[in-house]
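Here the structure comes first, spelled out in structure tokens, and everything after it is commentary.
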Amino acid sequence: MSGVSQVTTHALDAAEGVPAREVPVTLAVRRESEWITVADAVTDDDGRVTTLGPARLEPGTYRIVFDTGRYFAAKGRPTFYPDVTITFALTDSEQHYHVPVLLSPFAYSTYRGS
């Protein structure tokens with residue numbers, strides 16, 4: 001897939017002050033009581049994923065799951081959170097949704113980016 005997706009993300013390792021490279025990421029949409037995977041990706045050297053799903057998505061409830069357990073294990077660091085799941089409402093199929101996460105082994109935060 002080329003170009004930028006409607007949903008993108010950026011993971012930063014706040015404990016080390018560097019991009020979180022090679023974090024497995026999954027985008028899923030909720031359909032009734034089930035989560036359907038839309039796309040899988042891995043963060044690049046800058047901690048970014050710009051090709052997470054298609055250029056346009058239908059409005060709905062989506063989630064991004066970051067496999068933080070695999071990321072911290074690869075760095076030889078324990079973590080309290082084996083994954084970080086961010087659920088959000090995509091309400092406008094014309095807007096771009098950037099959903100970054102700041103990671104540390106024992107905390108995380110997120111916000112709607114631009």
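What you see below is based on every heavy atom in this structure, not just the backbone, and it leaves out hydrogens, waters and symmetry mates. No experiment lies behind these values; they were computed from the predicted model shown.
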ask   = Going through the distances and angles, do His98 and Ser114 end up as a side-chain hydrogen bond (donor to acceptor under 3.5 Å, both in side chains)?
value = CA-CA 6 Å; His98 186 65; Ser114 57; over 6 Å; no
Determine whether Val84 and Leu103 satisfy the following criterion, side-chain contact (heavy atoms from CB on, under 4.5 Å), listing intermediate values before the conclusion.
CA-CA 9 Å; Val84 170; Leu103 302 173; 4.2 Å; yes
Checking the side chain of Thr26 only, and the main-chain atoms of Asp40 only, is there a donor and an acceptor separated by less than 3.5 Å?
no
dist Thr85:OG1 -> Ile64:CD1 (nearest 0.5 Å) comes out at 10.5 Å
Heavy-atom nearest pair, Pro19 first then Leu12, reads CA-CD2, 3.9 Å
| Donor-acceptor contact below 3.5 Å, side chain Asp46 vs main chain Arg48 | no
- Task: Mark yes or no for whether Thr79, through its side chain, and Pro105, through its backbone, hold a donor-acceptor pair below 3.5 Å.
- Result: yes
_Let me check something: do Val25 and Ile36 share a hydrophobic cluster, defined by ILVMFWY side-chain heavy atoms less than 4.5 Å apart, either directly or through other members?_
yes
Review point. Hey, is the main chain of Ala107 close enough, under 3.5 Å, to the side chain of Ser104 for a donor-acceptor pair?
Key: yes
Pairs under 3.5 angstrom only: tabulate donor-acceptor contacts from the side chains of residues 86-94 to other protein residues two or more places apart or in another chain.
from  : atom 1 : to    : atom 2 : distance (Å)
Thr91 : OG1    : Tyr97 : OH     : 3.4
Asp92 : OD1    : Glu94 : N      : 2.8
Asp92 : OD2    : Gln95 : NE2    : 3.3

query: Within the side chain of Gln6, is there an N or O that forms a donor-acceptor pair under 3.5 Å with the backbone of His96?
result: no
Has the side chain of Thr43 got a donor or acceptor atom that lies under 3.5 Å from a matching backbone atom of Val23? yes
Set out, in order, the CA-CA distance, both residues' side-chain angles and the distance that settles side-chain contact (heavy atoms from CB on, under 4.5 Å) for Lys75 and Asp13, then state yes or no. CA-CA 11 Å; Lys75 294 180 117 349; Asp13 186 328; 3.8 Å; yes
Applying ring pair (Phe, Tyr, Trp, His ring centres under 6.0 Å) to Phe80 and not counting sequence neighbours gives none
Residues at least two apart in sequence or cross-chain that pass ring pair (Phe, Tyr, Trp, His ring centres under 6.0 Å) with Phe72, listed by chain then number, are none
Rounding to 0.5 Å, atoms CZ (Phe66) and OH (Tyr108) come to a distance of 10.5 Å
Given the options Val38, Thr37, Thr61, Val29 meets side chain to side chain contact (heavy atoms under 4.5 Å, CB included) only with Val38
A quick test of your reading: do over 12 heavy atoms of other residues, nucleotides or ligands sit less than 6.0 Å from CZ of Arg21?
yes
Side-chain heavy atoms under 4.5 angstrom apart, residues restricted to Ile, Leu, Val, Met, Phe, Trp, Tyr: same cluster for Tyr81 and Tyr71? yes
request  = Report yes if some heavy atom in the side chain of Val99 is under 4.5 Å from a heavy atom in the side chain of Thr110; otherwise report no.
outcome  = yes
Is any side-chain heavy atom of Arg30 less than 4.5 Å from a side-chain heavy atom of Tyr62?
-> no
Is any side-chain N of the basic residue among Glu16 and Arg77 closer than 4.0 Å to the acidic one's carboxylate O? yes
Interatomic distance, CG@Leu27 vs OG@Ser5, rounded to 0.5 Å, equals 8.5 Å
**Message:** Within the 3.5 Å criterion, strictly below it, is a donor on Thr68 or Asp83 matched to an acceptor on the partner's side chain?
**Reply:** no
